[in-house]
Amino acid sequence: MRKGVILWIGVCFALAPFPKTLHAMDFTPPIVIDHQCTDLAQIPLVWIQGVQNNIKVHYARQSHGMQLITGLNMIEFGNPAYADTVGVQTLPAVPGSLCIYDGGIVTPDYYWSTAYGMTRTRNILLGRPSINVSIFCWCSDMDLATESYVQAYFDSMSLLEAEFPNVTFVYMTGNANVTGAQGYNRHLRNEQIRQYCAANDKVLYDFADLDSWWFNPDTQAWEQATYLYSGTLVPVQHPQFVSPECTLCGHSNRASCIQKGKALWWLLASIGGHR
């Protein structure tokens with residue numbers, strides 16, 4: 001176990017059977033996708049098909065964001081019903097498959113933090129009007145980000161939301177890799193993002209939460225990894241997700257990628273798979 005990391009055991013929330021709803025499945029913002037949103041058996045396959053037929057995704061990511069893509073591929077390998085097709089800087093058109101425009105490595109200044117980035121994002125959406133979901137995934141930006149920097153992120157996202165009302169813009173927290181002072185700062189900025197999304201009815205994919213929680217099959221309970229910093233318990237990437245890394249796992253391993261991929265299906269089903 002990583003030095004200084006404490007594992008906290010939590011009972012897994014039992015998800016209500018459909019059509020009753022719980023958490024992300026009530027479809028009304030704010031929608032929060034976290035470790036409780038990883039049981040694919042709770043999503044009817046007709047909703048998965050709805051995602052494949054109705055949702056087109058623009059995905060702007062940095063290296064950590066590869067976890068979601070790899071997770072989708074691993075899930076499809078295990079069950080072809082979860083088919084996805086990812087195009088590198090192109091939007092695939094494959095019937096019966098979740099189609100994703102993968103922008104490759106996209107830093108904040110190529111998506112929201114500069115005038116050039118905002119124009120680039122606008123052009124991608126204008127040139128591909130079938131895209132109805134846009135996601136920006138952080139790298140380790142939150143480790144050093146200031147409160148004002150995150151507020152600027154909110155401001156830019158609000159502008160895009162106003163200009164593209166038919167696109168759902170998905171907010172994310174930053175990964176939970178590091179400890180110490182930078183990990184604490186990341187925790188504060190992630191909390192800032194969570195609070196903003198809750199207060200403003202946004203859609204949040206809680207990457208950091210998914211990093212820190214692991215479901216233990218032996219105890220049938222969720223475990224969260226944390227460390228203590230200045231009297232505060234700070235979530236951190238669970239040791240089960242640290243090693244062994246794989247080439248396309250974006251600083252994590254297969255288990256982490258699969259958990260992130262399952263959460264992405266929950267996200268998209270919550271946004272539009274039920275239509």
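Because the structure is a prediction, the values reported are computed rather than measured.
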Minimum side-chain heavy-atom gap Y82-I48 below 4.5 Å:
yes

Can you confirm whether Q62 sits close enough to P108 that some side-chain heavy atom of one is under 4.5 Å from a side-chain heavy atom of the other?
yes

Side chains of T179 and V234: does their closest heavy-atom pair fall under 4.5 Å?
no

Under 3.5 Å, side chain of Q52 to main-chain N/O of V94, donor-acceptor pair present?
no

Supply the atom-to-atom distance T232 OG1 to L188 CG, rounded to the nearest 0.5 angstrom.
8.0 Å

Heavy-atom check, side chain of V133 versus side chain of L267, under 4.5 Å
no

Intermediate values then yes/no, side chain to side chain contact (heavy atoms under 4.5 Å, CB included), L160 and S134
CA-CA 10 Å; L160 292 171; S134 183; over 6 Å; no

Roughly how far apart are L233 CG and L228 CG, rounded to 0.5 Å?
5.5 Å

Checking the side chain of D84 only, and the main-chain atoms of L98 only, is there a donor and an acceptor separated by less than 3.5 Å?
no

Please test E191 against Q195 for side chain to side chain contact (heavy atoms under 4.5 Å, CB included), starting from the C-alpha separation and ending with a verdict.
CA-CA 6 Å; E191 283 295 296; Q195 291 166 11; 4.0 Å; yes

Side chain N166, main chain N132, donor-acceptor under 3.5 Å:
no

Do L144 and I193 sit in the same hydrophobic cluster, where Ile, Leu, Val, Met, Phe, Trp and Tyr count as joined when their side-chain heavy atoms come under 4.5 Å apart?
no

Mind checking whether V57 and I105 sit in one hydrophobic cluster, side chains of I, L, V, M, F, W, Y counted as touching below 4.5 Å?
no

How long is the straight-line distance from CD1 of I31 back to CG of L204, given to the nearest 0.5 Å?
10.5 Å

Can you check whether Q224 reaches W214 side chain to side chain, under 4.5 Å on heavy atoms?
no

More than 12 heavy atoms of other residues, nucleotides or ligands under 6.0 Å from CZ of R254: is that the case?
no

E161 and K202 have their tightest heavy-atom pair at OE1-NZ, 2.7 Å

Evaluate the ring planes of H64 and H251, with Trp represented by its six-membered ring, and classify them as parallel (under 30°), tilted (30 to 60°) or perpendicular (over 60°).
tilted

Taking atom types as modelled and ignoring hydrogens, do the side chains of Y111 and S156 form a donor-acceptor contact shorter than 3.5 angstrom?
no

Hey, is the main chain of H35 close enough, under 3.5 Å, to the side chain of D209 for a donor-acceptor pair?
yes

Which heavy atom of Q67 sits nearest a heavy atom of S256, and at what distance?
OE1-OG, 3.4 Å

Could you report the tightest heavy-atom contact between P235 and A176, atom names first, then the distance?
O-CB, 4.2 Å

Take atom OH in Y110; do more than 12 heavy atoms of anything else shown fall under 6.0 Å from it?
no

Heavy atoms, side chains only, cut-off 4.5 Å: are D143 and N185 in contact?
no

Plane angle bin for Y184 and H187 - parallel if under 30°, tilted between 30 and 60°, otherwise perpendicular
tilted

Kindly assign one of parallel, tilted or perpendicular to the pair F154 and Y196, based on the angle between their ring planes and the thresholds 30° and 60°.
parallel

According to a hydrophobic-cluster definition based on side-chain heavy atoms being under 4.5 Å apart (Ile, Leu, Val, Met, Phe, Trp, Tyr only), do F77 and I69 belong together?
no

More than 12 non-hydrogen atoms from neighbouring residues, nucleotides or ligands closer than 6.0 Å to CD on E147, yes or no?
no

Out of curiosity, does L72 fall in the hydrophobic cluster containing F241 (side-chain heavy atoms, cut-off under 4.5 Å, transitive links)?
no

Any side-chain heavy-atom pair from L125 and H58 closer than 4.5 angstrom?
yes

For the backbone of T85 and the side chain of S97, can you confirm whether one donor and one acceptor N or O come within less than 3.5 Å of each other?
yes

Between T173 and A208, the two heavy atoms sitting closest are OG1-N, 3.0 Å

Take Y101 and Q89 through the side chain to side chain contact (heavy atoms under 4.5 Å, CB included) test and state the conclusion after the steps.
CA-CA 6 Å; Y101 175 103; Q89 296 185 348; 3.9 Å; yes

Atom NZ in K56, atom CG in L268: separation rounded to 0.5 Å?
11.0 Å

Has the side chain of R186 got a donor or acceptor atom that lies under 3.5 Å from a matching backbone atom of V178?
yes

Would you give the length of the straight line joining atom OG1 of T107 to atom CZ of R61, rounded to the nearest 0.5 angstrom?
12.5 Å

Which atom pair, heavy atoms only, marks the closest approach of G272 to I55?
CA-CD1, 4.2 Å

Classify the angle between the aromatic ring planes of W138 and F136 as parallel (below 30°), tilted (30 to 60°) or perpendicular (above 60°).
perpendicular

Compare every heavy atom of I75 with every heavy atom of K262, then report the nearest pair and how far apart it is.
N-CD1, 3.4 Å

Less than 4.0 Å between a side-chain N and a carboxylate O, is that true for K260 and D211?
yes

Taking a hydrophobic cluster as the set of Ile, Leu, Val, Met, Phe, Trp and Tyr residues connected by side-chain heavy atoms closer than 4.5 Å, whether directly or through intermediates, do V167 and L159 fall within one such cluster?
yes

Start with the C-alpha gap between F207 and L68, add the side-chain angles, then the distance that decides, and say whether side chain to side chain contact (heavy atoms under 4.5 Å, CB included) holds.
CA-CA 10 Å; F207 196 107; L68 280 69; 3.7 Å; yes

Using modelled atom types only, decide if a donor and an acceptor are shared between the side chain of D141 and the backbone of C139 within a distance under 3.5 Å.
yes

Taking the side chain as everything from C-beta on, heavy atoms only, tell me whether L126 gets closer than 4.5 Å to F164.
yes

So, does Q259 use its side chain to make a donor-acceptor pair with the main chain of W213 at under 3.5 Å?
yes

Taken to the nearest 0.5 Å, the spacing of I124 CD1 from T119 OG1 works out to 11.0 Å

